Amino acid sequence: MLRTAAVAAVAAAWAGAAAALTVTETPDAGSSLDTAFVLPAGTIAIEGTIENTSISDVDLYRFSLIAPTRLTLRMLFLGADANLLLFNGLGQGLAANDDHGVRSGCDLPTGLATRDSCLSVDLAAGEYFLGAGDNNTAAFATAADAVLGPDFFSNDDGILPRPTPETLALLGNEDGERFLNNEGAYRIEFSAPVSSVPLPAGAWLLLSGLGVLRLAARGGA
């Protein structure tokens with residue numbers, strides 16, 4: 001009975017990581033490292049909304065990769081100018097794109113409007129953050145910078161040879177939080193499932209337990 005339960009638990013953990021999901025941005029994704037929307041395992045697309053409010057509505061997502069991956073990210077934003085910013089696990093800028101034909105390194109430019117965004121980046125295993133917004137999107141080192149500017153990492157920076165030295169505090173606009181965003185629905189597509197995290201805490205104990213049970217079974221045979 002114990003062995004059956006352990007097998008089922010481990011199988012469920014792997015199945016959850018393998019499922020392909022389209023995630024809806026609910027609730028609204030935050031704009032700082034500690035309020036980022038955590039993508040579930042197997043995410044291949046996000047459907048979200050940029051709202052035109054008195055402060056910047058920009059969305060930050062958190063995900064992981066368990067193996068080195070050349071990841072292509074496409075952002076389609078009907079009626080507006082999409083922008084993508086990619087950060088490492090420390091929140092340091094890695095790559096950004098405004099219009100997909102410029103400095104994007106994108107492997108999949110087809111099917112995108114002129115102002116949609118696309119990035120293709122070779123990434124090591126680890127944790128990452130993805131920022132989504134309109135043409136004014138930028139990342140700031142401090143909350144004060146987001147109000148006053150200037151930005152340290154913006155939508156036109158392209159793919160960087162090394163991460164930016166600054167650490168992301170939050171996403172905002174190049175003109176500061178006072179600038180109004182374009183608004184509308186967007187869709188972000190991934191060329192490979194992201195947020196494929198290692199086995200959850202305790203799963204390795206289950207695997208170890210299975211090994212003990214297997215040895216015990218052999219001993220009793």
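These numbers come from a predicted model, not from an experiment. We count residues from 1, following the sequence as given.
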**Asked** Got a sec, which residues hit side chain to side chain donor-acceptor pair (under 3.5 Å) with Q92, two or more places apart in sequence or on another chain?
**Response**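 Checked Q92 against side chain to side chain donor-acceptor pair (under 3.5 Å); matches are N88.
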Can you name the nearest heavy-atom pair linking [X] to [Y], along with the distance?
{"X": "L112", "Y": "S117", "answer": "CD1-O, 4.1 Å"}
{"X": "G93", "Y": "T164", "answer": "N-OG1, 2.7 Å"}
{"X": "E25", "Y": "G48", "answer": "OE1-CA, 3.3 Å"}
{"X": "S191", "Y": "R70", "answer": "OG-O, 3.8 Å"}
{"X": "F63", "Y": "L86", "answer": "CZ-CD1, 4.1 Å"}
{"X": "L60", "Y": "A29", "answer": "O-CB, 3.8 Å"}

**Message:** Regarding D99 and R115, does a basic nitrogen lie under 4.0 Å from an acidic carboxylate oxygen?
**Reply:**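 Result for this pair is no, no salt bridge flagged.
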**Request:** Take atom CG of L90 as the centre, draw a 6.0 Å sphere, and report whether it contains more than 12 heavy atoms from other residues, nucleotides or ligands.
**Result:** yes
**Request:** Run through N97, D98, D116 and flag the one making a side chain to side chain donor-acceptor pair (under 3.5 Å) with N83.
**Result:** D98
**Message:** Between L84 and I188, is the side-chain contact (heavy atoms from CB on, under 4.5 Å) condition met? List the steps.
**Reply:** CA-CA 9 Å; L84 286 173; I188 300 174; 4.1 Å; yes
**Request:** Using the test side chain to side chain contact (heavy atoms under 4.5 Å, CB included), find all partners of I159 that sit at least two apart in sequence or belong to another chain.
**Result:** A95, L119, V121
**Asked** Counting N and O atoms only, with roles assigned by atom type, does the side chain of D57 sit under 3.5 Å from a partner on the main chain of E51, one being a donor and the other an acceptor?
**Response**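 The answer is yes, because a donor-acceptor pair under 3.5 Å joins these two groups.
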**Message:** Strictly distance-based, threshold 3.5 Å: is any side-chain N or O of T24 a donor or acceptor partner for the main-chain N or O of T26?
**Reply:** no
**Message:** Determine whether D145 and D151 satisfy the following criterion, side-chain contact (heavy atoms from CB on, under 4.5 Å), listing intermediate values before the conclusion.
**Reply:** CA-CA 7 Å; D145 287 342; D151 59 284; over 6 Å; no
**Prompt:** Do D156 and S154 pass the side-chain hydrogen bond (donor to acceptor under 3.5 Å, both in side chains) test, and can you show the C-alpha distance, the side-chain angles, and the key distance before you say yes or no?
**Reply:** CA-CA 6 Å; D156 292 317; S154 68; 5.3 Å; no
